[in-house]
Amino acid sequence: MLPSVFVSRIIPDAGLDRVKAACAADIWPDDMPPAYDVLVQRVRGKDGLLCTLNDRIDAALMDAAGGQLKVISQMAVGYDNIDVNAARERGIQIGNTPGVLTDATADLAFALLLAAARRIVEGVEYIKTGQWKTWLPKVLLGGDLSGATLGIVGLGRIGKAVARRASGFDMRILAHSPRCTPEAAAQVNAELTSLERLLHESDYVTLHVPLNVQTRHLINRETLALMKPSAILVNTTRGPVVDQRALYDALRAGVIAGAALDVTDPEPLPADDPILQLPNVIIVPHIGSASQRTRDRMATMAAENLIAGVNGQPLPNPVWT
Ligand code: GLV
């Protein structure tokens, strides 16, 4: 008999076809994720679960699933939605999809950085609202990247990929990353420093830390106040790394000049959220990994983790080893 699994979203065929071939798969058919209670019911009796960052996977869900649940395979690199300790206590393996989305996410961070620095969205609006009457020497002036200082908070895989891009743009790079060595930072032309100095000296600050108890609201009223009034904040990691209320106030009061966000708190961000009314904010809907090739690779990796796990094998990409 094939192992039974629940797949909480329709993922790209590259992964889904593998899952269907190797497992008896119950696949959630809607774009909207299953409600928590529904997820709990559908996981009951299954050997494996393939989930996404929208699904809350806690101890109660694991217990409701039953002792046969062997693996939780997350189609994302971040897994702050999963109670990892509860899984470990129950002997459930967890897999994620690191590496394959590094470049796509770094590309998006850079796209947001450029868009905010050079006021791309405002420029598009300017035309659409009929304001483009002539070439004006002093309109829509933005900031330069070359010669400017980029502060990278979290110099892991994605942070380093952002640093490599920044080197190509002739930027000076500061990084704050407690677990990184100065030698590893130097390989991507970054100088390690304290968070305070990074915020104080950077023209652009980009966040690449995972969300956990240490990083929740790392960017808050106090840390925003350390930034330059001309600085731009880019966030492509998880919304709650930034205290969004404090960011809103800082953007309104001119404490910093702008923000470009791929992630928000909450997600999805309601269309009437006041932050969307601010002229100095660009927000896109959590699309860091959203390139065709990257999503195919993530789906494949998630399927491979799931299939290995339900067959009692070590995962190709475990969250812990
Ligand atoms: C996306 O946000 C991911 O963690 O993969």
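One-based numbering, in listed order, for ligands and for the atoms of each.
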**Q** Under 4.0 Å from a heavy atom of A76: give me the atoms of ligand 1 that qualify, with their elements.
**A**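 Here the atoms of ligand 1 in question are 3 (C), 4 (O), 5 (O).
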**Q** With side chains defined as the heavy atoms from C-beta onward, is the minimum distance between I307 and C23 less than 4.5 Å?
**A**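 Yes; the side chains approach each other to less than 4.5 Å.
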**Q** Quick one: does ligand 1 sit under 4.0 Å from the side chain of T97, the backbone, both or neither, non-hydrogen atoms only?
**A**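 Under 4.0 Å from ligand 1, T97 contributes no heavy atoms.
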**Q** So is V77 polar-close to ligand 1, meaning N/O to N/O under 3.5 Å?
**A**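 There is such a contact, yes.
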**Q** Is it the side chain (CB and beyond), the backbone, both or neither of T105 that lies under 4.0 Å from ligand 1, heavy atoms counted?
**A**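 No part of T105 comes within reach of ligand 1.
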**Q** Can a salt bridge be assigned to the pair D243 and R221 using a cut-off of 4.0 Å between side-chain N and carboxylate O?
**A**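 Salt bridge between D243 and R221, a charged N being under 4.0 Å from a carboxylate O: no.
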**Q** So if I apply the side-chain contact (heavy atoms from CB on, under 4.5 Å) rule between N305 and each of V319, L315, I72, N96, which one comes out positive?
**A**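 Of V319, L315, I72, N96, side-chain contact (heavy atoms from CB on, under 4.5 Å) with N305 is met by L315 alone.
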**Q** Polar contacts were defined as any N/O atom of the residue lying under 3.5 Å from an N/O atom of the ligand; does this apply to H286 and ligand 1?
**A**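 There is such a contact, yes.
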**Q** Find all atoms of ligand 1 within a distance of less than 4.0 Å from any non-hydrogen atom belonging to G78, and give their numbers and elements.
**A**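 What qualifies from ligand 1 is 3 (C), 4 (O).
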**Q** Could you measure the distance from the NE2 atom of H208 to the CD1 atom of I152? Nearest 0.5 Å is fine.
**A**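 It is 6.0 Å, given to the nearest 0.5 Å.
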**Q** Any idea which atoms of ligand 1 are less than 4.0 Å away from a heavy-atom of L53?
**A**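 Close to L53: 1 (C), 2 (O).
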**Q** Looking at L101, which atoms of ligand 1 are within less than 4.0 Å of one of its heavy atoms?
**A**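 Every atom of ligand 1 under 4.0 Å from some heavy atom of L101: 5 (O).
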**Q** Quick one, R90 and D63 - any side-chain contact, counting heavy atoms below 4.5 Å?
**A**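 R90 vs D63: side chains touch.
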**Q** In this structure, does ligand 1 have an atom that sits under 4.0 Å from one of the heavy atoms of M75?
**A**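 Checking ligand 1 against M75, which is what was asked, there is no heavy-atom contact under 4.0 Å.
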**Q** Determine whether more than 12 heavy atoms belonging to other residues, nucleotides or ligands lie under 6.0 Å from atom OH of Y79.
**A**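 Incorrect, the count does not exceed 12.
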**Q** For a quick check under 3.5 Å, do D58 and Y36 share a side-chain donor-acceptor pair by atom type?
**A**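 Yes.
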